[in-house]
2 protein chains.
Amino acid sequence: MSHKITIYDIAKKLNITAATVSRALNNNAKISEKTRILVQETAAKMNYKQNKLAQALKSGKSYNVGVIVPRIDSNFFASIIRGIEEELYSQGYHVIICQTYNNEQMEIENINTLLNAQVDGILMSISNVSIEKNASFNRLLAKNIPLLFFDRKKNIEGVSSITVNDFEAGYKATQHLIDEGCKRIAHLSNDRLFEIFKDRFLGYKQALIDNGIQFDENLVIEIKSNIEEGRKATKKLLSMKNPPDAIFSSSDWSALGAVQELKSQGIKIPEECCVVGFSNEPFTEFMELSITSIDQFPLEMGKQAAKVFLEQVNNGAHITTEKKIVLTPKLHIRKSSSRRDALNKK
Amino acid sequence: MSHKITIYDIAKKLNITAATVSRALNNNAKISEKTRILVQETAAKMNYKQNKLAQALKSGKSYNVGVIVPRIDSNFFASIIRGIEEELYSQGYHVIICQTYNNEQMEIENINTLLNAQVDGILMSISNVSIEKNASFNRLLAKNIPLLFFDRKKNIEGVSSITVNDFEAGYKATQHLIDEGCKRIAHLSNDRLFEIFKDRFLGYKQALIDNGIQFDENLVIEIKSNIEEGRKATKKLLSMKNPPDAIFSSSDWSALGAVQELKSQGIKIPEECCVVGFSNEPFTEFMELSITSIDQFPLEMGKQAAKVFLEQVNNGAHITTEKKIVLTPKLHIRKSSSRRDALNKK
DNA sequence: CTGTTAGCGCGTTCAA
DNA sequence: TTGAACGCGCTAACAG
């Protein structure tokens with residue numbers, strides 16, 4: 001194995017000091033143009049690569065940021081990460097991605113690992129409902145490295161967040177269904193200890209109220225965001241004496257489950273029952289029966305998160321003013337809820 | 001900000017030496033049970049966290065491995081990463097994920113960044129067809145840190161790889177279409193400088209030959225793996241005087257594009273044209289018209305890759321014997337190619 | 001403008 | 001069994 005060459009190697013070769021080499025390499029002001037070029041050229045010739053670890057140890061900066069998400073295999077989180085990367089990469093930062101698989105213990109371990117790795121900041125979408133009560137998390141807060149929430153946040157003093165207006169999203173989706181003529185609108189929710197799910201629910205409820213529709217809590221079912229539970233919940237809804245004529249789901253996956261169940265029971269979408277999902281996963285658009293969904297602009301969310309992080313590291317975290325950025329959601333209306341169109345065609 | 005506590009802090013408190021603390025913390029043999037416990041307890045009490053950076057600088061091991069993939073927002077790569085993580089996490093390793101977006105320049109930059117970050121190994125699916133000619137890549141080879149390919153590999157001496165038998169996959173898919181009664185089978189390929197695409201193509205060709213079907217190169221189109229190009233290619237195929245009665249695509253996304261185009265032209269699937277995709281992305285299963293596809297077992301691929309990596313770090317990379325692990329692909333037959341079933345029902 | 005010195009936090013000699 | 005000293009590779013303070 002080729003010996004790892006350091007600034008000392010190139011210093012020796014040039015009969016100068018390691019400090020001078022360092023200055024030359026870092027484009028320090030106090031260095032002659034001549035030696036700077038000389039050093040840089042020989043460094044290149046010798047295939048010198050800076051040891052980031054040593055630099056990090058010295059400077060206290062690792063130029064690594066940690067990103068914690070429930071999982072990466074959804075377009076939503078993958079797009080957020082892409083946004084973060086696109087913004088951070090040019091600034092020399094690198095992203096370490098951690099998945100929690102919605103496991104609270106994993107999330108804590110991830111935090112500890114990232115802290116040990118001396119990351120310069122952590123951007124996360126929390127999986128842990130009561131994270132503010134956790135010791136490791138509080139240790140993270142105590143350090144003054146930038147911490148940022150995106151999508152799934154907690155309201156914690158001094159911690160910035162980038163989210164989408166979930167209340168508005170829930171309201172828009174429900175209003176749309178009402179506009180399409182739906183009277184009994186069910187809602188597939190998720191654990192409402194998470195703000196995002198609570199807000200979607202509240203938006204849904206408010207839209208009903210504003211339109212003079214009685215809120216019926218039997219029409220709200222709390223499930224996990226997957227196909228299977230979407231199917232089961234829908235089956236349950238359809239077995240009611242007075243089944244719904246629309247389903248607004250907090251997740252595209254549950255919405256897909258709803259679509260499958262409705263079809264298997266021979267119920268026409270959107271004529272007999274409309275469906276609206278959430279997150280605008282690509283499949284909602286390209287299915288034969290395309291599914292109406294809410295766009296949360298994940299790419300933008302990631303970019304904004306990265307920008308706030310950069311502001312914080314550059315200003316010094318202690319001067320940080322808490323930022324709460326809220327994006328406006330967009331409803332993409334597709335076949336699964338275009339009831340009036342469908343009825344008019346007949 | 002709370003002062004970062006080091007082994008010196010806890011040494012001072014106990015009136016011992018940092019070296020002793022280090023030994024106690026690392027369960028070194030030469031230490032009394034008494035002090036070991038004492039140290040560990042006070043360490044815990046003081047909320048001591050080892051600085052991985054310093055340890056890494058000292059030991060030359062960062063306990064980070066780099067994973068380079070074209071992109072993470074497909075189930076295929078996300079599952080591979082999950083497999084890698086599941087295997088590595090328990091061994092104390094952490095994964096740094098890099099995306100190339102199929103950009104060769106990005107890939108080179110990623111390699112350099114990971115090397116600077118002093119990763120203990122790199123697991124990659126290459127985006128760069130001629131990577132073996134690249135200087136940074138050769139520098140990587142020259143170091144003796146474990147390097148591993150998965151899925152998209154290059155045959156390089158001493159470099160292990162975990163792949164799926166793409167030839168067999170192409171063969172199986174084509175044989176299946178022939179068994180379903182298809183006579184003119186088109187193939188949506190991709191850049192065949194990549195082994196995976198070349199092998200799928202060769203498997204396709206061989207199956208035709210073995211079944212006495214004339215190979216027609218006009219039926220093979222080289223495109224990128226996305227919906228749009230799948231549609232365009234299909235449009236082109238359909239405009240032939242003698243259009244195909246089946247399409248075997250090297251990608252699920254192109255297969256989806258093919259399905260869309262066929263439908264929009266009113267061609268019945270599978271009766272008039274069968275479609276087979278590749279990678280078994282979740283959507284192939286849950287579409288109304290489910291798409292036949294090849295399972296590459298990405299989770300298993302990731303786990304195997306991680307295991308080989310662990311063997312290499314533990315044995316010392318110099319003793320490395322090159323391993324070429326080849327998984328057996330599985331064809332999932334779905335509606336898009338179940339022509340006999342469809343015809344029998346009439 | 002350049003050299004000297006010191007230290008980031010840790011693990012590992014060599015002595016005691 | 002423990003302490004003292006050193007070095008991993010780099011940068012910053014201080015001199016000159």
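Atom set for the values below is all heavy atoms of this structure, side chains included, hydrogens, waters and symmetry mates excluded. Chain A is the first sequence line, chain B the second, and so forth, proteins listed ahead of strands; every chain is numbered from 1. Model, not experiment: these values are computed from the prediction.
- Among the protein residues, Leu57(B) comes within range of the nucleic acid bases, having at least one heavy atom under 4.0 Å from a base atom.
- One finds no side-chain N or O of Gln118(B) lying less than 4.0 angstrom from the OP1 or OP2 phosphate oxygen of dG9(D).
- Close to dC10(C), at under 4.0 Å from its OP1 or OP2, lies no side-chain N or O of Ser22(B).
- Contacts of Asn26(A) with the nucleic acid, taken as non-hydrogen atoms under 4.0 Å apart, involve only primed sugar atoms and P, OP1 or OP2.
- Of the side-chain N and O atoms in Tyr8(B), none sit less than 4.0 angstrom from OP1 or OP2 of dG3(D).
- Separating the CG atom of Leu25(B) from the C1' atom of dC10(C) is a distance of 11 Å, rounded to the nearest angstrom.
- One atom, CG of Asn27(B), and another, P of dT12(C), lie 13 Å apart when rounded to the nearest Å.
- Using a 4.0 Å heavy-atom cutoff across all strands shown, Thr35(A) reaches sugar-phosphate atoms only and no base atom.
- Taking the side chain as every heavy atom from C-beta outward, Leu123(B) and Ile80(B) never approach each other to under 4.5 Å.
- With Gln312(B) as the fixed residue, the side-chain contact (heavy atoms from CB on, under 4.5 Å) test singles out one of Leu147(B), Asp120(B), Leu148(B): Leu148(B).
- Contact of the Arg23(B) side chain with the Thr35(B) side chain is not registered, since no non-hydrogen atoms from C-beta on lie closer than 4.5 Å.
- In this structure, the CZ atom of Arg36(B) is 10 Å from the P atom of dT2(D), given to the nearest Å.
- Contact between the side-chain N/O atoms of Gln55(A) and the OP1/OP2 oxygens of dG9(D) is not found at any separation under 4.0 Å.
- Ring pair Phe137(B)/Phe149(B) is parallel by interplanar angle, where below 30° counts as parallel and above 60° as perpendicular.
- Here the C1' atom of nucleotide dC10(C) and the NZ atom of Lys61(B) are 16 Å apart, to the nearest Å.
- Residue Ile31(B) is classed as a sugar-phosphate contact, given heavy-atom separations below 4.0 Å to backbone atoms only.
- Counting to the nearest Å, the C1' atom of dC8(D) and the CG atom of Asn51(B) are 13 Å from each other.
- Residue contacts shown for Thr17(A) include a base, since a base heavy atom lies under 4.0 Å away.
- At a threshold of 4.0 angstrom between heavy atoms, the contacts of Ile16(B) are confined to the sugar-phosphate backbone, with no base atom among them.
- Arg82(B) places a side-chain heavy atom less than 4.5 Å from the side chain of Tyr101(A).
- Residue-level contact check: Ser32(B) touches the backbone only, with heavy atoms under 4.0 Å from sugar-phosphate atoms and none from bases.
- Ranked by how close their nearest DNA chain C nucleotide is to the 5' end, Asn15(A) and Asn28(B) are led by Asn15(A).
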